[in-house]
There are 2 protein chains.
Amino acid sequence: MLKNFRRESDVVRKQGNMAVQRGNKDQGDGRRKVTITAIAREAGVSVPTVSRVVNGRSDVAPDTRARVEDLLRQYGYRRRTVAPGDRAALLDLVFNDLDSPWAVEIIRGVEEVAHASGVGTVVSAIHDRAGAARQWMKNLRARASDGVILVTSALEPVLHKELHRLGVPLVVIDPAGSPALDAPTIGATNWAGGMAATGHLLELGHRRIGFIAGPPRLLCSRARLDGYRSALEDAGVPVNDELIVPGDFYHESGFTGCETLMALPEPPTAVFAASDQMALGAIEALRRKGLRVPQDVSVVGFDDLPEMRWSAPPLTTVRQPLAEMGKMAARTVLRQAQGGDIDAPRLELATELVVRASTAPPAPRPAD
Amino acid sequence: MLKNFRRESDVVRKQGNMAVQRGNKDQGDGRRKVTITAIAREAGVSVPTVSRVVNGRSDVAPDTRARVEDLLRQYGYRRRTVAPGDRAALLDLVFNDLDSPWAVEIIRGVEEVAHASGVGTVVSAIHDRAGAARQWMKNLRARASDGVILVTSALEPVLHKELHRLGVPLVVIDPAGSPALDAPTIGATNWAGGMAATGHLLELGHRRIGFIAGPPRLLCSRARLDGYRSALEDAGVPVNDELIVPGDFYHESGFTGCETLMALPEPPTAVFAASDQMALGAIEALRRKGLRVPQDVSVVGFDDLPEMRWSAPPLTTVRQPLAEMGKMAARTVLRQAQGGDIDAPRLELATELVVRASTAPPAPRPAD
DNA sequence: CTGAAAGCGCTTACAG
DNA sequence: CTGAAAGCGCTTACAG
């Protein structure tokens, strides 16, 4: 390090007219402008030679290469244009928030497919704020991203319009539900999942089943709720609105939602939470009340995040193939980016009920 | 959509000599080559005009703009060079695996800082495979990334060497422990954390404390173990090697590690797992044996992943400021990328014991 | 609002 | 192994 810095000042002394050198802070006069031409002059070689070194070609004499590499490093050279052949292939993956294990699953899937195609995955969070979204659009443009995967965002319509204008392919994972969005979407069979979870509880013998809902503006929330309702109807169990409480997919709302449910004159014997995190919150609420899961109350979640195998007790839940959804989405944008056709404008991957240890038949009613 | 496709074939008909058009698969003769020049010819305007549209300048007649935009979209135009001013600023964040809530925390921190500086965060996983790493290096080079943040990887030395050659700044989060790595590193005070966790159990009155270790090749694992040992020594409790079992930070190993511990002739009254995930595995092992946490056995974890507040019972653990570490790392690479000095080559952020509900004084020994 | 001209940062044959 | 020359894909004044 020290050695480098020493050499650097030598260079600076000899070549004081270069805009800004590495190791110096911005000097009013602006951004540093380290070009291949400047490096060539400095190294006493031609521009093509530097170009060759930069591109790791083999036909450069070892000591020329070493000298040029040193200079490149010292001046902090970065390419200013991209080689025509290997355009930096980039794909943008945009979340509202990066605050849930949910997100990694999707990232994992997208990254796997993208990486295999030599494409980089740029991950961003826009926090449903128009400002952040605008900044992101600007960056997207600067980096000439080849495609965008957007995950459940209220900003869907705005971004879609702008991206369409720029001709950047867009795929939406788990669409929030903008009606006229004509981008391909990838989701899960939420309605069927809601049916399956509720059906499972019904089969165990539960008749009073509480439901902790997700944000009502999201399509997936509504589909899960409707699945719950349909299963009850199929079983001839009347839908009781006081058993349906609101939530926002986060732990806390599962906790309070469950408290509300258990404070009912006639509390439910089972709770279906529309997300795993809310299910965990619900279990905590029950634990605090001294109620055991599943002996006293059964709990079902939705998502099947990997850690749910290890919750206490291991959670019965509806598996949503998040990584698979990510992969699908990545394949779809990549195909579009290469000018291919999209095979399905709207796709729903299957959900699957995973029965673990948080559900059991209802406790026999206390003989009161 | 349909409309677009129709228009597109008109264009193709008129202009059959362009290499490959959008909507057509690769046609042997190679990659499509949609340049601003081609678009200009097609639109019957000059090259500068198309350039203006592409860059969203305001001084273009509305219908010229519309016509050009249509063409750009239809041909799937992507910039082939980057505007000198706004070079796509990119930062690479590299994990071994994207399989833990651990990762999101770091991503969140890095993204926040990078995004604020208009820098994109490219997330990759290299799975400790030299092949994947090589592919990634190639991509990194193509996208001219401005800096790299590497998270705990056995590939540290190789990547460091190569990146240094390219003059790309590198910061390592939670270094695996390559001895001669002269890149800045950001970690947590693992040793102090190990001390604190063990000290807490000691204070509660525990004397037989099991330890489920992390992978021994990682510095952080060794530091946590040494912290555990030191705390015991301070308290005058002899270190008993049969109470130390191996693990790999994942749930499963916590489960089996805890089983081993509880099968001991004289099992521990408390277990300190070197990761939250192993702590969860341990709790599950205890649950299966019918042992209650914390009444029968206390459990402490390490990391304080956000979901640990909601485990059953809420987990006492050592908080590692992962998002903060990500932010630090991002600031450090960004500063380096701008030619600034690094303020600290090696940084450890403080860990903090978070006491929740999984620890309690040991149960009185059964009077046998 | 638009284009002809000059310029920039590279890369790609080609010749030695 | 190296450079002079031509070329490419853009952008930036400048003039109208």
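Numbered from 1 within each chain, the chains take letters A, B, ... in sequence-line order.
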Restricting to non-hydrogen atoms, name the atom on V34(A) and the atom on Y77(A) that form the minimum distance, rounded to 0.1 Å.
O-CD1, 3.2 Å
Listed nucleotide nearest any side-chain atom of V60(A), set dC10(D), dT2(D), dT2(C)
dT2(D)
Side-chain contact check for I36(B): nearest option of dT2(D), dG3(D), dT11(D) is dT11(D)
Salt-bridge test for D70(B) and R67(B): reply yes if a basic N is under 4.0 Å from a carboxylate O, no otherwise.
no
So, using side chain to side chain donor-acceptor pair (under 3.5 Å) as the criterion, who are the partners of H115(A) when residues are at least two apart?
none
Is there a donor-acceptor pair under 3.5 Å between the side chain of Q336(A) and the backbone N or O of G147(A)?
no
Ignoring backbone atoms, test whether Y77(A) places a side-chain nitrogen or oxygen under 4.0 Å from the OP1 or OP2 oxygen of dC10(C).
yes
Are any of the side-chain heavy atoms of V110(A) and K327(A) separated by less than 4.5 Å?
no
Using a distance-only test with no angle check, is there a side-chain donor-acceptor pair under 3.5 angstrom linking H127(B) and D97(B)?
yes
Could you run down the sub-3.5 Å N/O contacts of the protein with nucleotides 14-16 of chain D?
none

Hey, is the side chain of T49(B) poking within less than 4.0 Å of OP1 or OP2 on dG3(C), counting only N and O atoms?
yes
Of V47(A) and V47(B), the one whose closest nucleotide on DNA chain C sits nearer the 5' end is V47(B)
Measure from the side-chain heavy atoms of S51(B) and tell me the nearest of dG3(C), dA5(D), dT12(D).
dT12(D)
Between dC10(C), dG3(D), dC1(D), which one does the side chain of A61(A) approach most closely?
dC1(D)
Taken to the nearest whole Å, CZ/R67(A) to C1'/dT2(D) is 12 Å
Hey, could you give me the CZ/CZ distance between R65(A) and R57(A), rounded to the nearest 0.5 Å?
10.5 Å
Of the candidate nucleotides dC1(D), dT12(D), dT12(C), which contains the atom at the shortest distance from the side chain of R57(A)?
dT12(C)
What integer distance in Å separates R41(A):CZ from dG3(D):C1'?
17 Å
For dC10(D), does either OP1 or OP2 sit under 4.0 Å from a side-chain N or O belonging to T37(B)?
no
What are the two closest non-hydrogen atoms of V53(B) and E69(B), and how far apart are they?
CG1-CG, 3.7 Å
What would the secondary structure line of DNA chain D be in dot-bracket form, counting Watson-Crick and G-U wobble pairs under 3.5 Å, with [ ] for pairs that cross earlier ones and | for pairs with another strand?
|||.||||||||.|||
Quick check on side-chain contact (heavy atoms from CB on, under 4.5 Å): which of T121(B), L140(B), D146(B) does L90(B) satisfy it with?
D146(B)
